[in-house]
Amino acid sequence: MEPLQSLRGTVDLLPAQTPFWQRVEAVARDQFRRAGIAEIRTPLLEVTELFARGIGEATDVVGKEMYTFLDRGERSCTLRPEGTASVVRAVIQHGLLAQGPQRLWYGGPMFRYERPQAGRQRQFHQIGLEFLGFADPRSDAEAIAIAWDLLAELGLGGLALELNSLGSSDDRLRYRGELVQWLEGHRQQLDPESQQRIATNPLRILDSKNPQTQALLAGAPTLAAALAPESQERFERVQQALSRLEIPFVINPRLVRGLDYYSHTAFEITSSQLGAQATVCGGGRYDGLVGQLGGPATPAVGWALGMERLVLLAQAASDPAAFQAAVPDLYVISRGSEAEALALPLARRARALGLAVELDLTAAAFGKQFKRADRCGARWAAVIGEAEASEGVVVLKDLRDPQGVDLRLSPEALLARLLA
RNA sequence: GCGGGCGUCGCCAAGAGGUUAAGGCAGUGGCUUGUGGCGCCACUAUUCGGGGGUUCGAGUCCCCUCGCUCGCCCCA
């Protein structure tokens, strides 16, 4: 029988890795708690139309990366490729906006059918923030600040915040016209990939990695110049707010978000230590999405952090010693059926009192059990052999003090001593 | 979807066509039938992801296939 393997692009997080994840999750939770942001949990599975409508049919994510299938009721279902559409759907469905603006966070697995590479899996995990019902430029800055501080809290260096404004939908429509016209005029000089995208998604050509295309683009009309005065002013106010928060940023006029719902502020936080997939956090404003999904016109801003990438960085930045597996306070050694019978409840009682206890279940020779007790780093060993069992006592041994005298104590006395 | 690299024990890893597949870690047993951390001894891959081929002979060369990985695309 051949052993089965996990699906391509999915990974098992082994016990050596989970402490890093727990750390990152704990830091994020605490950051959200202090900022008064509540958690929302939505299903992993949604009706396909949610993403088609929310993210945009023309995007790569929707066009070729979704896990979509028909369920037994012939409904087209999709494993969520991102979190924002679901959060917005839930907020509309439950009328949360009637109670006022919402400050929400979410986390969990997302699914995209792509070729795996460093920092990219088919099942990956995001933590995200959504501010719904906030139009003020300060809300953009606050959302960014929360992400920035979260990353700082984890001790990550080498991060850069890139910022751009995509303008209003009117601005983009106008600019798109100008850009397409210009691109058509230079069609022959573009790489084949970009030529294709003139028709499908011309704005994305701006962040093409092709050097020749980039050089050519220097002469193209800019998005910044196409922004209406109000959009321009709004962008400046976001920058002012960030400056007041002393969060450094770089304007990247070529930064374009891949999902259709973004407008005005777009940003990415990248790391120089991640290889090709350098974006740790990406987000922006999406004032049109709530309305587009059938809700009341609602301004909104949000972001998502890639957990795999974050953990990669956190792991590199952290002291490995701080992430050792939890060390038990007490290791219980027993040999012989009577002794084993006593060891089991002793371990349980010690745990009920708050101690971390490992019970040796192997019935191996004492020498073996001691070896394990020592290796796991426990401070104390409780030893029960046949003699102790018949007397109803337990030997308490200080594993960290070779000269120490072993004590023969009743189970009660032993627990009392450990708690003292 | 398209490229590059790699695939030897649970983990790390030697091995560059010649015949018994090093070594380290971990594991198991023992030295020590009840007392650990050190040490010593023993055991642990008829087999090199899988399948074909070349050769007197292949883990080492060729082909196919699967998998992993990095990159393009895309994105967090």
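All chains are named by letter (A, B, ...) in the order of the sequence lines, taking the proteins before the strands, and each is independently numbered beginning at 1. Values below: every heavy atom of this structure, side chains too, minus hydrogens, waters and symmetry copies.
- For the pair D360(A) CG and G34(B) P, the computed distance is 14 Å after rounding to whole Å.
- Distances were taken from every side-chain heavy atom of R335(A) (C-beta onward) to each of U33(B), G36(B), C68(B); the shortest belongs to U33(B).
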Between the protein and nucleotides 40-45 of chain B, which nitrogen or oxygen pairs come in under 3.5 angstrom?
none

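- Applying the ring-ring contact (aromatic ring centres under 6.0 Å, His included) test to Y261(A) and every residue at least two apart in sequence or in another chain returns Y286(A).
- If you check every strand for non-hydrogen atoms under 4.0 Å, G385(A) touches a base.
- Nucleotides C41(B) and C25(B) place their P atoms 12 Å apart, quoted to the nearest Å.
- Classification of the F370(A)-F366(A) ring pair by plane angle, with boundaries at 30° and 60°, yields tilted.
- Going from atom CE of M66(A) over to atom P of C75(B) covers 14 Å, rounded to whole Å.
- One atom, CG of L4(A), and another, C1' of G49(B), lie 16 Å apart when rounded to the nearest Å.
- Not counting sequence neighbours, the partners of L45(A) by the side-chain contact (heavy atoms from CB on, under 4.5 Å) test are F69(A), C77(A), L79(A).
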For nucleotides 1-12 of chain B, read 5' to 3', which letter fits each nucleotide if B means a protein heavy atom sits under 4.0 Å from the base, S means only the sugar-phosphate is that close, and - means neither?
BBB---------
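- Applying the side-chain contact (heavy atoms from CB on, under 4.5 Å) rule to S271(A) yields the partners L159(A), Q273(A), L274(A), V280(A), L313(A); only residues at least two apart in sequence or on another chain are considered.
- Out of C70(B), G34(B), C72(B), the shortest distance to the side chain of A118(A) is found at C70(B).
- Under 3.5 Å, the side chains of R309(A) and T279(A) contain no donor-acceptor pair of N or O atoms.
- Closest approach to the F370(A) side chain among C68(B), G36(B), G29(B) is made by G36(B) (side chain taken as heavy atoms from C-beta onward).
- With centres under 5.5 Å and a plane angle under 30°, the ring of F366(A) is stacked against the base of G34(B).
- Nucleotides of RNA chain B nearest to L7(A) and A276(A) differ in position, and the one nearer the 5' end is that of L7(A).
- Applying the ring pair (Phe, Tyr, Trp, His ring centres under 6.0 Å) test to every pair with at least one member in residues 27-51 of chain A, sequence neighbours left out, gives these pairs: F32(A)-W105(A).
- With sequence neighbours excluded, the residues that form a side-chain hydrogen bond (donor to acceptor under 3.5 Å, both in side chains) with E388(A) are R408(A).
- Atom name C1', nucleotides U60(B) and U19(B): the rounded distance is 13 Å, in whole Å.
- Side-chain N/O atoms of R372(A) include one lying less than 4.0 angstrom from OP1 or OP2 on U28(B).
- The phosphate of C75(B) has OP1 or OP2 within less than 4.0 Å of a side-chain N or O from R204(A).
- Picking from A26(B), C73(B), A76(B) the nucleotide with the shortest atom distance to the side chain of E308(A) gives A76(B).
- Put simply, the side chain of V88(A) reaches to within 4.5 Å of the side chain of T84(A), judged on heavy atoms.
- Applying the salt bridge (charged side-chain N to carboxylate O under 4.0 Å, His left out) criterion to E153(A), with sequence neighbours excluded, gives R34(A).
- Between G67(B) and U55(B), the two P atoms lie 31 Å apart (nearest whole Å).
- Of the P atoms belonging to U32(B) and G37(B), the separation is 14 Å, rounded to the nearest Å.
- Residue contacts for A304(A): at a heavy-atom cut-off of 4.0 Å it reaches the sugar-phosphate backbone alone, with no base atom in range.
- The listed nucleotides are C75(B), G67(B), A76(B); the one nearest the side chain of Q5(A) is G67(B).
- Atom-to-atom, CG of L150(A) to P of A76(B) comes out at 17 Å; the value is rounded to the nearest Å.
- Nearest nucleotide to the Q277(A) side chain, out of G29(B), C70(B), C72(B): C72(B).
- Residues that satisfy the side-chain contact (heavy atoms from CB on, under 4.5 Å) test with L344(A), not counting sequence neighbours, are L359(A).
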Can you give the donor-acceptor pairs under 3.5 Å from side chains of residues 141-148 of chain A to other protein atoms, not counting sequence neighbours?
residue : atom : partner : partner atom : Å
E142(A) : OE1  : R103(A) : NH1          : 3.4
E142(A) : OE1  : R103(A) : NH2          : 3.3

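- Of the candidate nucleotides G67(B), C75(B), G71(B), C75(B) has the atom nearest to the side chain of T279(A).
- Taking a pair to require two hydrogen-bonding distances under 3.5 Å in either a Watson-Crick or a G-U wobble arrangement, U20(B) remains unpaired.
- Distance CG (D406(A)) to C1' (G36(B)): 11 Å, rounded to an integer number of Å.
- Figure legend. U47(B) is base-paired to no nucleotide; pairs are counted as Watson-Crick or G-U wobble with both atom distances under 3.5 Å.
- Here, A13(B) and A21(B) have their C1' atoms 13 Å apart, quoted to the whole Å.
- Nucleotides A58(B) and C48(B) are separated by 12 Å at their P atoms, to the nearest Å.
- Contact annotation for Q369(A): no contact, since no heavy-atom pair falls under 4.0 Å across all strands.
- Going from the P atom of G50(B) to that of A42(B) covers 30 Å, rounded to whole Å.
- Using a 4.0 Å cut-off between charged side-chain N and carboxylate O, D329(A) and R379(A) make no salt bridge.
- Side-chain contact between S410(A) and V394(A) is absent, with no heavy-atom pair separated by less than 4.5 Å.
- Counting only residues at least two apart or in different chains, salt bridge (charged side-chain N to carboxylate O under 4.0 Å, His left out) contacts with residues 43-57 of chain A comprise E46(A)-R89(A), E49(A)-R53(A).
- Comparing the P positions of C75(B) and G7(B) gives a spacing of 34 Å, expressed to the nearest Å.
- Taking atom CZ on R375(A) and atom P on C25(B), their separation rounds to 10 Å, with Å as the unit.
- The base of C73(B) sits with one of its N or O atoms less than 3.5 Å from a complementary donor or acceptor on the side chain of Q117(A).
- Side-chain polar atoms of R234(A) and S168(A) form no donor-acceptor pair below 3.5 angstrom.
- Within residues 387-397 of chain A, the residues approaching RNA chain B are A387(A), E388(A), K397(A), by heavy-atom distance under 4.0 Å.
- Within the nucleic acid shown, G336(A) has no heavy atom closer than 4.0 Å to any nucleic acid atom.
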